[in-house]
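Numbers here simply count residues along the sequence, with the first being 1. Note: hydrogens, waters and symmetry copies are ignored here, and every other heavy atom, side chains too, is used.
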Amino acid sequence: MLKTMVMVSVVALACACSDAIRVKPQVFREVCKDAPIGGTTSDVSSNLQPQVIAAGMQISVSVAEDSSLNRAYTIPFGCGVEFAGVGRIRVCGLTTDELTAKIKAALERDFFQHATVEVAIESVLASTPDRPQVGVVYVLGAVGRPGPMQIPESDFTVTKSIIAAGGFSLFAKGNNVKVVRYCEDGRKYETYIDVSGIMKNGDFERDVPLRDKDWVIVPQKTFSFF
């Protein structure tokens, strides 16, 4: 079986949020208010589009033309996964549709005339007896340890999630952290938090509590040499 190395760049969730309703942080606190802060991960595929892959998740890949390629993968911290018949792909930050397209293109280039590929997110971090599941949030971008994390308490905030993710990386733009929330009725909201300011000045009353399946995206600073 011919294997082809396919390398892809991390795609931020922010690219898929053009249809989000942008609100101020104080308003964001109230959106989806009827939904519980905690939740289960068994319904991870519902009401959340697009799905973004992160470390700690388990995904399944199926190829209709060759069932021997069908298997489940647990996404490691490094985010690189060796796919049968394709090669190694860095998957964190890709939606399931984007990863499907990458695998399909590689298989059709070197293996099949036409490939029918399906990628699905099967689970995220599981509950444990000593750490019951309150919910899961996803921290992506310029932090030390991007990926999903369990909500350990009901007042788990954006700033706490950054600290739990290893803090900002060297070139993080910490004054413009994006938070995305999906409501059960399909609405999608986004807001921007000055986490650097909150940390520097101790203005923790400006912090925003997170809910199950929220996304926190930390951008990088841009530099111009011209």
Listed partners of [X] passing side-chain contact (heavy atoms from CB on, under 4.5 Å), at least two apart:
X	value
Lys173	Asn175, Asn176, Pro219, Lys221
Thr159	Thr157, Ile163, Val195, Ile198, Met199, Asp207
Ala142	Ser169, Ala172, Val218, Gln220

So, using side chain to side chain donor-acceptor pair (under 3.5 Å) as the criterion, who are the partners of [X] when residues are at least two apart?
X	result
Asn70	none
Glu118	none
Ser60	Glu122

>> Restricting to salt bridge (Lys or Arg N to Asp or Glu O under 4.0 Å), what partner residues turn up for Arg187, sequence neighbours left out?
In response: Asp185
> Quick one: salt bridge (Lys or Arg N to Asp or Glu O under 4.0 Å) partners of Glu108, sequence neighbours excluded?
Replying inline: Lys104
Can you check whether [X] reaches [Y] side chain to side chain, under 4.5 Å on heavy atoms?
X	Y	answer
Asp155	Lys160	yes
Thr191	Arg29	no
Val158	Val177	yes

>> Assigning hydrophobic clusters by single linkage (Ile, Leu, Val, Met, Phe, Trp, Tyr; side-chain heavy-atom cutoff under 4.5 Å), is Val23 placed with Val179?
In response: yes
>> Starting from Phe112, can I reach Ile103 by hopping between I/L/V/M/F/W/Y residues whose side chains sit under 4.5 Å apart?
In response: yes
>> Going by side chain to side chain contact (heavy atoms under 4.5 Å, CB included), Val216 matches just one of Val208, Leu140, Ile162. Which one?
In response: Ile162
>> Apply side chain to side chain donor-acceptor pair (under 3.5 Å) to residues Thr95 and Asp97 and explain how you reach the verdict.
In response: CA-CA 5 Å; Thr95 67; Asp97 287 344; 5.2 Å; no
> CD of Gln26: more than 12 outside heavy atoms within 6.0 angstrom?
Replying inline: yes
> Among all residues two or more places apart in sequence or in another chain, which pass the ring-ring contact (aromatic ring centres under 6.0 Å, His included) test with Tyr73?
Replying inline: Phe83
>> Test side-chain contact (heavy atoms from CB on, under 4.5 Å) on Phe28 and Ile193; report intermediate values, then the result.
In response: CA-CA 10 Å; Phe28 191 83; Ile193 311 294; over 6 Å; no
